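Per chain, numbering begins at 1; letters A, B, ... match sequence-line order. Since this is a predicted model, take the numbers as computed values, not measurements.
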Protein chains: 2
Amino acid sequence: MEKKQRKLPDSCGLGPALAVIGGKWKALLLWQIHQAQPCRFGELKRLQPEISEKMLIQHLREMEADGIIHREVFHQVPPRVEYSVTPEGAELDLALAPLGEWGEKHQERAEKAKAGAARAARTAAEGAARG
Amino acid sequence: MEKKQRKLPDSCGLGPALAVIGGKWKALLLWQIHQAQPCRFGELKRLQPEISEKMLIQHLREMEADGIIHREVFHQVPPRVEYSVTPEGAELDLALAPLGEWGEKHQERAEKAKAGAARAARTAAEGAARG
DNA sequence: ACAAGTACAGACAAAAAAGTAAGGTACCTA
DNA sequence: TAGGTACCTTACTTTTTTGTCTGTACTTGT
């Protein structure tokens, strides 16, 4: 098992929380599984083709170990595995919502700031050209 | 500038949000600055002696660039720099609250589960010894 | 026979984040 | 002249995380 998880300092419960959803794709996965519940491994792979299989499995396993998703194996052939969120995972998804909203707002602001800076730079350049 | 920030995929605004508070100590710093506002560099260093000066500065600078904290330099000697949270930073801190609560609950559950597992293992061992 | 689909596992390498240790400025005190 | 305070900067190393690629076991379709 290649898990050690960079230990986060935990005053308030943020350390443990970030340890659980800190992975690069975990929040996204939780969100997608919550949407398309229950969904299969291959489905997730198709939904997010940018994730490598290794990371997909690794994250799924860690999330399972953390109790936020449930994994059910059907002994069929070809194999079939279904993932769904646990009640705890659903709560986490909910707790993540305000953060997501903040992120969107922040992103907009950052874009505006960048546009503003570009405009200012242009104006400054014109001013300099006029001398 | 040694910042590239592991790019997080962003459906919903979680990507950008985690990019901002994903650093090992950032959430903690934001929280502490919010508490003891305004506070000086040395103060933060004393409050959290485990952070190396390098990470402290690096995180503070990134958070400043992200617009969640404000840095004010007083041209005195010895130098004096004060950090405070911006309105945007305060909002983030608020948005982080539910996540923190989830983290605490989750931690408790995890501890109970571990205790339960240990008890079960003990019982099983006793059973085996008798059997 | 051979490709394709399912759900993984493992070795290895690259990239990113964090840590360590030393130095640098600018002024003050002994 | 040495040492102290406050706030950093830089170079270098280690640790952690992510990515690439190859392989498994079994069945179905051509």
J.: Check this one for me: any side-chain N or O of K54(A) less than 4.0 Å away from OP1 or OP2 of dT17(D)?
T.: no
J.: If I take atom CG in residue L56(B) and atom P in nucleotide dA6(D), what distance separates them, rounded to the nearest angstrom?
T.: 14 Å
J.: Ignoring backbone atoms, establish whether H59(A) has a side-chain N or O less than 4.0 Å from OP1 or OP2 of dT17(D).
T.: no
J.: The helix from dA1(C)-dT30(D) to dA30(C)-dT1(D): angle between its terminal axes, five pairs each, to 10°?
T.: 30°
J.: Evaluate the side chain to side chain contact (heavy atoms under 4.5 Å, CB included) criterion for residues L29(B) and Y83(B): first the C-alpha distance (whole Å), next the side-chain angles of each, then the deciding distance (0.1 Å), finally the verdict.
T.: CA-CA 10 Å; L29(B) 282 176; Y83(B) 294 91; over 6 Å; no
J.: H75(B) NE2 to dA26(C) P: how many Å, rounded?
T.: 13 Å
J.: How close do A17(B) and L99(A) get, heavy atom to heavy atom, and via which atoms?
T.: CB-O, 3.6 Å
J.: Does W25(A) put a side-chain nitrogen or oxygen below 4.0 Å from OP1 or OP2 of dT17(D)?
T.: no
J.: Where is the tightest heavy-atom contact between W102(A) and I68(B), given as atom of each residue plus distance?
T.: CZ2-CG2, 3.8 Å
J.: What is the separation between atom CD on E50(A) and atom P on dT20(D), rounded to the nearest whole Å?
T.: 10 Å
J.: Any chance you could lay out the side chain to side chain contact (heavy atoms under 4.5 Å, CB included) test for V85(A) and D93(A), step after step, and finish with the verdict?
T.: CA-CA 9 Å; V85(A) 309; D93(A) 205 25; over 6 Å; no
J.: Taking the basic N atoms (NZ, or NE/NH1/NH2) and the acidic carboxylate oxygens, is any pair closer than 4.0 Å for E91(B) and K105(A)?
T.: yes
J.: Test side-chain hydrogen bond (donor to acceptor under 3.5 Å, both in side chains) on E64(B) and H70(B) and set out the steps.
T.: CA-CA 6 Å; E64(B) 192 199 352; H70(B) 173 72; over 6 Å; no
J.: CD of Q76(B) versus P of dT5(D): gap in Å, rounded?
T.: 18 Å
J.: Starting from C1' on dT18(D), measure out to CD on Q58(A) and report it in whole angstrom.
T.: 8 Å
J.: Heavy atoms, side chains only, cut-off 4.5 Å: are H106(A) and V20(B) in contact?
T.: yes
J.: Pick out the pairs of N or O atoms, protein on one side and nucleotides 6-8 of chain C on the other, that lie under 3.5 Å.
T.:
from: dT6(C); atom 1: O3'; to: R40(A); atom 2: NH2; distance (Å): 3.0
from: dT6(C); atom 1: O3'; to: P79(A); atom 2: O; distance (Å): 3.2
from: dA7(C); atom 1: OP1; to: R40(A); atom 2: NE; distance (Å): 3.0
from: dA7(C); atom 1: OP1; to: R40(A); atom 2: NH2; distance (Å): 2.8
from: dA7(C); atom 1: OP2; to: G42(A); atom 2: N; distance (Å): 3.0
from: dC8(C); atom 1: OP1; to: R61(A); atom 2: NH2; distance (Å): 3.0
from: dC8(C); atom 1: OP1; to: R71(A); atom 2: NE; distance (Å): 3.3
from: dC8(C); atom 1: OP1; to: R71(A); atom 2: NH2; distance (Å): 2.4
from: dC8(C); atom 1: OP2; to: Y83(A); atom 2: OH; distance (Å): 2.8
from: dC8(C); atom 1: N4; to: E53(A); atom 2: OE1; distance (Å): 2.6

J.: Are E82(A) and R71(A) close enough for a salt bridge, meaning some N to O gap below 4.0 Å?
T.: no
J.: Specify the separation, in whole Å, of atom CD of E62(B) and atom C1' of dT9(D).
T.: 15 Å
J.: Provide, to the nearest angstrom, the distance between the CG atom belonging to L44(B) and the P atom belonging to dA6(D).
T.: 13 Å
J.: Send over the distance from M55(B) CE to dT14(D) P, rounded to a whole Å.
T.: 18 Å
J.: Contact between V81(B) and F74(B) at the side-chain level, heavy atoms closer than 4.5 Å - yes or no?
T.: no
